[in-house]
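Computed from a predicted model, the values in this text were never measured in an experiment.
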Amino acid sequence: MSGTDRLLILGPILLPLLTAVAGLALWHRPRAQRFIGVAGTAALAAAAVALLTRVADGSILVLQVGGWAAPYGISLVVDLLSALMVLAVSVVALAVVVYSLVDIDKGRAAHGFYPLMQFLLMGACGALITGDLFNLYVWIELLLISSFVLLALGGERAQMEAAIKYVTLSLIGSVLLLAGVGLTYGIVGTLNMADLAVELARLERPGLVNAVSILFLLAMGLKAAVFPLFFWLPASYHTPPATVTALFSGILTKVGVYVLLRLFTLIFVQDVSYTHTIILVAAGLTMVSGVLGAVAQNEFRRILSIHIISQIGYMIMGLALMTPLALAGAIFITVHNIVVKCCLFLVSGLVNRLRGSYQLKKLGGVYLAHPVVAIGFFIPACSLAGVPPLSGFWAKFVLVRAGLEIGHYAIVATALVVGILTLFSMTKIWNEVFWKEAPEGARSEPLSPARWFCYLAPIGLLVVCTVAIGLFAGPLMELFEHAGRQLLDPTQYILAVLGERS
């Protein structure tokens, strides 16, 4: 492997680490922390682009850390799915860090917001490119510890209550994940994912493998907010500043979805009729419960928070169908949702800054007063609901087509109905926040040009990404299909990691 490839693999881990360390070294200089945070996140986004370019032809990059050959050492593996996820995470992180320049107060900045954000990115990127289960657990724990502190940062009563619920349930998920890791090692004596794929295929104990797979499904289902394990999300996501919520919406649950995609296409595929039927049922229930919960809400961020749950249902629907087209659709809608959800939360934060509330009844008139802000909501909201020709339409179209091709009409009907209800809830926000007249005595805070730029530039970046994904859905779909084929046939992944040992 060339030195350039090594740097490309290590970049998503080293860049956030170095940025976080630099931020800690400048602990008493918040302004310098802000500058370094933006610069480091921009470098991460550039590295992610280079990484995706390198593997766009279907190559799989593998780095055996310390020169220890797999399965004995630590493997870092980047395929198309990993590279796409790292790029999506880095793009939303760049938007969030610019937005934070005017949204994060001096107190939170002085208490480590920027280093914590970088540690969270490091944990996310590490989880996306690791090649063994134990290090997956370690990276996820780093991600969760950082997210817990970010959630509690500020010390407000609602935040602390939400943080306690979040960390308690996250610890349950972590215990389940660690138990699954330990049992897996006890069964086959390895934790390297490629080696597990080989060894479990030879193991003639399907009942035992299914039991362990359920442990992983519960652990990662809790972290991804899959039905019925999603109750921690609506209790916590609406409490911190919009910057933190937007960051969480783009990263936390999506890492959980990524792990499910990886594990249940590479490792736990011995009894697909059993495991993936459970995932399919969970997908339908996740979609329905999430969208009904959102329809019942009357608070801007609560609606968006609960909508995360319904969109997770679409993502694992593609995994459950387990065809190349369905997996491509799962990847498509995951990437799309990372961008769109983050954008909508950033808009909600700007509306709150302008009007002083997230309650729909207290809002109104934003379209006339700030049409650019209204457009910043309208486009991603339509995309989330699946309005053509935006990215959400094509992602859902692919999933619906995949379901129809193999005769899963019930889940297709569920997905279509949930899409209509999503449009209804987005319309409710539009009518209440943007279209109706502002209530008497409504607040309207003026912003300086510099603050407007820091608010609107990140939103504009994500809106452009949303439109671009829709306009270039054809070429991107080829990439997603290639990634789906890599997942469905992991031979190339196994050979890349184990070489002749496979």
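- Applying the salt bridge (charged side-chain N to carboxylate O under 4.0 Å, His left out) test to residues at least two apart or on different chains, the pairs with a partner in residues 63-83 are Asp79-Arg262.
- The aromatic rings of Phe216 and Phe268 lie tilted to each other, with the angle between the two planes from 30° to 60°.
- Listed by first and then second residue, the salt bridge (charged side-chain N to carboxylate O under 4.0 Å, His left out) pairs involving residues 211-226 amount to none (not counting sequence neighbours).
- Looking only at atom types and distance, the side chain of Thr491 has a donor-acceptor partner in the side chain of Asp489 under 3.5 Å away.
- Within the structure, every pair that satisfies the side chain to side chain donor-acceptor pair (under 3.5 Å) test and touches residues 143-152, not counting sequence neighbours, is listed here: Ser147-Tyr166.
- Using modelled atom types, one side-chain atom of His276 and one backbone atom of Phe264 make a donor-acceptor pair closer than 3.5 Å.
- When the side-chain hydrogen bond (donor to acceptor under 3.5 Å, both in side chains) test is applied to Thr422, no partner is found at least two apart in sequence or on another chain.
- Side-chain contact of Ser383 with Ser391: a donor-acceptor pair under 3.5 Å is present, judged by distance alone.
- Sequence neighbours left out, the pairs with a member in residues 398-417 that pass salt bridge (charged side-chain N to carboxylate O under 4.0 Å, His left out) are Arg401-Glu405.
- Pro12 and Leu44 get closest at one heavy-atom pair: CA-CD1, 3.6 Å.
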Anything under 3.5 Å between a donor and an acceptor, one on a side chain of residues 51-64, the other on a protein residue two or more places apart or in another chain? List them.
from, atom 1, to, atom 2, distance (Å)
Thr53, OG1, Val49, O, 2.8
Arg54, NE, Asp5, OD1, 3.0
Arg54, NH2, Asp5, OD2, 3.1
Asp57, OD1, Ser59, N, 3.0
Asp57, OD1, Ser59, OG, 2.8
Asp57, OD2, Ser59, OG, 3.2
Gln64, OE1, Ser75, OG, 2.6
Gln64, NE2, Val497, O, 3.2

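- With a 6.0 Å radius and a threshold of 12 heavy atoms from other residues, nucleotides or ligands, Tyr185 has its OH atom at or below the threshold.
- Applying the side chain to side chain contact (heavy atoms under 4.5 Å, CB included) test to Val97 and every residue at least two apart in sequence or in another chain returns Val38, Thr41, Leu94, Ser100, Tyr114, Met117.
- Partners of Ile74 under the side chain to side chain contact (heavy atoms under 4.5 Å, CB included) rule, at least two apart in sequence or in another chain, are Val65, Asp132, Asn135.
- Annotation: salt bridge (charged side-chain N to carboxylate O under 4.0 Å, His left out) contacts involving residues 411-429, sequence neighbours excluded, are absent.
- Taking the six-membered ring where tryptophan is involved, the planes of Tyr137 and Phe134 are tilted, since the angle between them lies from 30° to 60°.
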Kindly list each side-chain donor-acceptor pair under 3.5 angstrom involving residues 325-335, sequence neighbours excluded, with atom names and distances?
from, atom 1, to, atom 2, distance (Å)
Thr334, OG1, Ala330, O, 2.6

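- Between the side chain of Lys341 and the backbone N or O of Leu304, at least one donor-acceptor pair lies under 3.5 Å.
- For Glu161, the salt bridge (Lys or Arg N to Asp or Glu O under 4.0 Å) criterion is met by Lys165, not counting sequence neighbours.
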Please report, to 0.1 Å, the donor-acceptor pairs under 3.5 Å made by any side chain of residues 468-479, with sequence neighbours excluded.
none

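- The two atoms that bring Ala47 and Leu15 nearest to each other are CB-CD1, 3.7 Å, heavy atoms only.
- Of the possible polar contacts, one joining the Thr286 side chain to the Phe227 backbone as a donor-acceptor pair under 3.5 Å is found.
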